[in-house]
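This report refers to the structure that appears directly beneath it.
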Protein chains: 2
Amino acid sequence: MNGRVERSVAAWSMANSPTGDSATERLVRILDTFTPTRTVQTATEIGRRSGLPSSTAHRIVNELVTTGLLERDEERRVRIGMRLWELSTRSSQALRLRQAAMPFMERVQSRVREHTQLAILEQDEALFLERLSSPESGSNITRVAGRLPLHASSSGLVLLAFGPPDLQERVLSSRLAPLTRATLSDPDAVRRKLAEVRKLGHAIAPGYIEEVSTGIAAPVRDETGRVIAALSVVLPRDAETDFAVLELHRASADIARSLGYHS
Amino acid sequence: MNGRVERSVAAWSMANSPTGDSATERLVRILDTFTPTRTVQTATEIGRRSGLPSSTAHRIVNELVTTGLLERDEERRVRIGMRLWELSTRSSQALRLRQAAMPFMERVQSRVREHTQLAILEQDEALFLERLSSPESGSNITRVAGRLPLHASSSGLVLLAFGPPDLQERVLSSRLAPLTRATLSDPDAVRRKLAEVRKLGHAIAPGYIEEVSTGIAAPVRDETGRVIAALSVVLPRDAETDFAVLELHRASADIARSLGYHS
DNA sequence: CGAGGCACTCCCGATGAATGGGAGGGTGGA
DNA sequence: TCCACCCTCCCATTCATCGGGAGTGCCTCG
């Protein structure tokens, strides 16, 4: 019967962010609760996963929905909005690369008949822009828009070997988590591997990511000759690598040429 | 020689946002300064275009750069970050549609030999997800991730005709800006046109967008039978439309079927 | 049919992070 | 040398943001 509850005296409120993160940071935290496998969730879930109080999460999610960065489906669940996709197409940079690479990736795929993928460097990780597979392709945990650590994947090793020195510093001085027993997790071992990659012009990573498969990657250059991406295939662990290496180098050169690189 | 300038007495500072917009809003304002044709800009430019004070713009841009939503190139100019593309791939929704539609769009393209495009409804506009063209295709101002108003484009008319009633209310009661002399800009004319579209099952828009071309669009249904997209082609203004209409209907039906729609 | 769980909205006092004007540095072109 | 431009830094002010908590509505389960 008491419609009005006594307002708590211990009211202990806050302003802006008590945890010391900026508005931008919380926004990204919210967007980051979406993963390749979890593409819809309730606002409450988002709050839980991002570590934000429920009421705060609801407020921000609602704002994002009105701006179109997020969307609600029929059941009021939340997913990433088309607005975000639209904005992402403005980042022509990498999409131009993808466009240029596609035909040659298809050639590699049709000749090697295993997973063929294209990765770029993104915030100290290898980000996979595209991946072609055929039904008979073997195991491969990569997915489009997925990431792998630089020191463990063949693509990553290429990006690292031909990347800026400060990147190498940073990565080699961080923890090199092993994914399998074969993964290089010692800085010196990685350093030696990088020298080998530079010398050979490609990286071979047998069992680094998964025991059963070997990654092979070659650098892709833009018109200025800078290495901007890695083109790779994933073979069964015991497969012959020479043919794949050859095809990768050929495709890399063709991509670079179609981007305007000469010699 | 005077190292220290007298601090202005009229100092008239603010906190948070004096203009009354939320942090989210300013963020979107900043992202929106990127357009399909302007994909790189300086932080100062962003400030100017978004109407934010330079120092504020710089601060926010820097935050966005560290979170990866924006990136800087060699010359410190700013562009949309790959992080955003990555997030956008989580919005499987429309990308699934695009995936399903691609093969059939290619068939239409190869048979009609004119621009073939796929649009969805997004914030009261037609947003183009994909567009196939051949060298011999005629004029067409549409671009991937571009938008057109609902009342003026054939795709838009389809999305409007088969869309929710409140959408029709909203659009018809807003200003219907004409793009050419042929564009329908009178609410009643549009209403009659929508009735026609529903009756025929497709929209024909001669010269509404550009004097020289005619847009033709058919609705695409998802597994529940709801219209979720419009498939369209752009013909020269005087071209025969029957064959294109037929092909569009056939492709629409095939797309719906591959999405799981029956009958 | 009531209890408990869950998602969400609304309210509101407190507050500190965000704000923006302006100074100053650095660079490049005329 | 000057001007134009981009950017960083500083700091007093202040208002939008924050979040605990209450309330609502909708489930499901016992």
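Sequence lines set the chain letters: A, B, ... in the order given, protein chains first and strands last, and positions in each chain run from 1.
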* Check for a donor-acceptor pair, side chain of A:S54 on one end and backbone N or O of A:T44 on the other, with a separation under 3.5 Å. => no
* Is the side chain of B:S153 donor-acceptor paired with the backbone N or O of B:P149 at a distance under 3.5 Å, no angle test? -> yes
Any N/O pairs under 3.5 Å between the protein and nucleotides 5-7 of chain D? List them or say none.
{"from": "D:dC7", "atom 1": "OP2", "to": "B:A43", "atom 2": "N", "distance (Å)": "3.0"}
{"from": "D:dC7", "atom 1": "OP2", "to": "B:T44", "atom 2": "N", "distance (Å)": "2.9"}
{"from": "D:dC7", "atom 1": "OP2", "to": "B:T44", "atom 2": "OG1", "distance (Å)": "2.9"}
{"from": "D:dC7", "atom 1": "OP2", "to": "B:H58", "atom 2": "NE2", "distance (Å)": "3.3"}
{"from": "D:dC7", "atom 1": "O5'", "to": "B:H58", "atom 2": "NE2", "distance (Å)": "3.1"}
{"from": "D:dC7", "atom 1": "O3'", "to": "B:R76", "atom 2": "NH1", "distance (Å)": "3.3"}

* Distance, nearest 0.5 Å, that separates OG of A:S252 from CG of A:L118 -> 9.0 Å
* **A:R59 side chain near C:dC8 phosphate (N/O to OP1/OP2, under 4.0 Å)** => no
* Proximal nucleotide (of D:dT17, D:dC18, C:dG22) relative to the B:S55 side chain -> C:dG22
* Of all residues at least two apart in sequence or in a different chain, which pass the salt bridge (Lys or Arg N to Asp or Glu O under 4.0 Å) check with B:R79? -> B:E71
* Structure fact -> Rounded to the nearest 0.5 angstrom, the CG-CH2 distance for B:L129 and A:W85 is 5.0 Å
* Asked: Nearest heavy-atom pair of A:T39 and B:R90: which atoms, and what distance?
  -> CG2-O, 3.1 Å
* **Backbone N/O of A:T33 and side chain of A:Q41: donor-acceptor pair under 3.5 Å** => yes
* Which distance, rounded to the nearest 0.5 Å, do you find between the CE of A:M82 and the CD of B:E122? -> 6.5 Å
* For the helix from C:dC1-D:dG30 to C:dA30-D:dT1, measure the angle between the helix axis at one end and the axis at the other, each built from five pairs, rounding to 10°. => 50°
